[in-house]
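A short write-up of the structure that comes next.
Counting from 1, the numbers follow the sequence of the chain as shown.
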Amino acid sequence: MAPERQALLVVDVQESFCVPAAIVAGIAVLSRTLHTVATVERHDEAVTPFARQLGWTPPPNEAPLIPADRVFVKHGYLPPPALIEHFRTLAIERVLVCGVQAETCCLAAGFMLFDAGLQPTLLRWLSVGSSLDRSAALGAALWRHHFGSVWDLPEALKPAPEPLP
């Protein structure tokens with residue numbers, strides 16, 4: 001049986017979201033072993049009405065804190081559809097997801113990945129929840145319910161995944 005093709009999706013790990021340094025460092029280490037895609041949240045009120053609906057806006061021009069092979073800009077909860085096409089081009093099967101707001105932005109990415117026939121897997125130790133639950137426990141519970149795939153500890157990665165070319 002051929003090894004499963006995996007990639008890492010880092011959701012919105014950017015300066016304005018105050019991601020704990022230990023999580024940023026852990027994601028950076030893992031990003032060196034897998035094909036890594038990052039999303040970055042940027043504000044465009046014409047696309048997503050953050051100011052009108054939430055009274056808050058993400059920055060208009062921030063970059064991810066994690067080096068990535070590919071970066072996708074998003075303007076709301078969902079990643080852009082081009083992210084799915086990118087993973088399909090690489091024949092990815094499992095997408096390891098980590099980052100900011102496990103119960104909202106990461107979950108939205110999980111639904112998109114799941115609906116595209118990929119296997120989304122939350123890396124809980126490398127994720128943080130929103131201000132509602134910084135522990136990411138709520139996000140992990142929702143992931144288990146909807147996708148059945150949450151890895152709570154780094155040991156779940158053993159043996160180390162094969163890097164993509």
Side-chain angles (χ1 to χ4, degrees), residues 1-41 62-72 74 77-80 83-165:
M1 182 179 204
E4 184 177 57
R5 293 183 58 91
Q6 299 182 124
L8 179 64
L9 173 58
V10 181
V11 177
D12 302 349
V13 174
Q14 58 195 80
E15 189 174 333
S16 63
F17 293 133
C18 301
V19 184
I23 289 178
V24 174
I27 295 170
V29 168
L30 185 57
S31 75
R32 291 191 285 275
T33 68
L34 290 166
H35 179 78
T36 300
V37 173
T39 64
V40 62
E41 180 70 40
E62 230 172 37
L65 296 175
I66 302 296
D69 299 295
R70 184 82 188 266
V71 175
F72 289 92
K74 64 189 199 74
Y77 292 104
L78 286 174
L83 177 126
I84 297 298
E85 290 310 312
H86 178 72
F87 285 141
R88 284 188 175 140
T89 299
L90 296 173
I92 297 298
E93 299 167 59
R94 180 186 299 271
V95 180
L96 306 176
V97 180
C98 61
V100 174
Q101 298 198 2
E103 75 280 20
T104 56
C105 292
C106 290
L107 188 64
F111 282 119
M112 184 181 227
L113 295 164
F114 182 87
D115 286 353
L118 300 168
Q119 184 173 1
T121 300
L122 181 69
L123 303 180
R124 183 170 175 197
W125 77 96
L126 296 177
S127 299
V128 65
S130 69
S131 58
L132 184 64
D133 173 27
R134 293 293 282 173
S135 75
L138 175 58
L142 289 166
W143 272 75
R144 279 190 182 91
H145 175 75
H146 291 291
F147 314 126
S149 192
V150 174
W151 293 351
D152 291 303
L153 301 168
E155 290 76 22
L157 291 169
K158 305 292 184 225
E162 294 265 334
L164 290 175

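- Residues Phe147 and Pro120 are in side-chain contact: their nearest non-hydrogen atoms beyond the backbone lie under 4.5 Å apart.
- In this structure, the separation between CG on Leu65 and CD1 on Ile23 is 12.0 Å, given to the nearest 0.5 Å.
- At least one side-chain heavy atom of Leu118 sits under 4.5 Å from a side-chain heavy atom of Ile84.
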Verdict with supporting geometry, Gln14 and Val100, side chain to side chain contact (heavy atoms under 4.5 Å, CB included): CA-CA 9 Å; Gln14 58 195 80; Val100 174; over 6 Å; no
Donor-acceptor contacts under 3.5 Å from residues 126-133 side chains, at least two apart:
residue: Ser127; atom: OG; partner: Gly99; partner atom: N; Å: 3.4
residue: Ser127; atom: OG; partner: Leu123; partner atom: O; Å: 2.9
residue: Ser130; atom: OG; partner: Glu103; partner atom: OE2; Å: 2.3
residue: Ser130; atom: OG; partner: Leu132; partner atom: N; Å: 3.2
residue: Asp133; atom: OD1; partner: Ser135; partner atom: N; Å: 3.3
residue: Asp133; atom: OD1; partner: Ser135; partner atom: OG; Å: 2.5
residue: Asp133; atom: OD2; partner: Ala137; partner atom: N; Å: 3.1
residue: Asp133; atom: OD2; partner: Leu138; partner atom: N; Å: 2.7

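- The heavy-atom pair separating Arg94 from Leu96 by the smallest distance is CD-CD2, 3.5 Å.
- Pairing each heavy atom of Asp12 with each of Phe17, the nearest pair is O-CD1, 3.2 Å.
- To the nearest 0.5 Å, the span separating CG on Leu107 from NE2 on His145 amounts to 10.5 Å.
- Using a 4.5 Å heavy-atom threshold, the side chains of Lys74 and Pro80 count as touching.
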Applying side chain to side chain contact (heavy atoms under 4.5 Å, CB included), run through Thr33 and Leu157 and close with a yes or a no. CA-CA 11 Å; Thr33 68; Leu157 291 169; over 6 Å; no
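- Ionic pairing of Arg5 and Glu93 is not present here: no N-O contact between side-chain nitrogen and carboxylate oxygen is shorter than 4.0 angstrom.
- Rounding to the nearest 0.5 Å places SG of Cys98 at 7.5 Å from CG of Leu9.
- For Val150 against Trp143, the heavy-atom pair with the smallest separation is CG2-CB, 3.5 Å.
- Minimum heavy-atom separation, Tyr77 to Ala108: O-CB, 3.5 Å.
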I would like to know whether Leu8 and Ile66 meet side chain to side chain contact (heavy atoms under 4.5 Å, CB included); could you show each step before the answer? CA-CA 11 Å; Leu8 179 64; Ile66 302 296; 5.9 Å; no
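- Of all the heavy atoms in Val11 and Thr39, the pair that sits closest is CA-OG1, 3.3 Å.
- Contact of the Glu41 side chain with the Ser16 side chain is not registered, since no non-hydrogen atoms from C-beta on lie closer than 4.5 Å.
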Can I get a per-line list of side-chain donor-acceptor pairs under 3.5 Å for residues 110-117, giving both atom names and the distance, sequence neighbours left out?
none

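- Between Arg124 and Asp152, the closest heavy-atom pair is CD-OD1, 3.4 Å.
- Panel note: side chain Asp69, backbone Thr36; a donor-acceptor pair is recorded below 3.5 Å.
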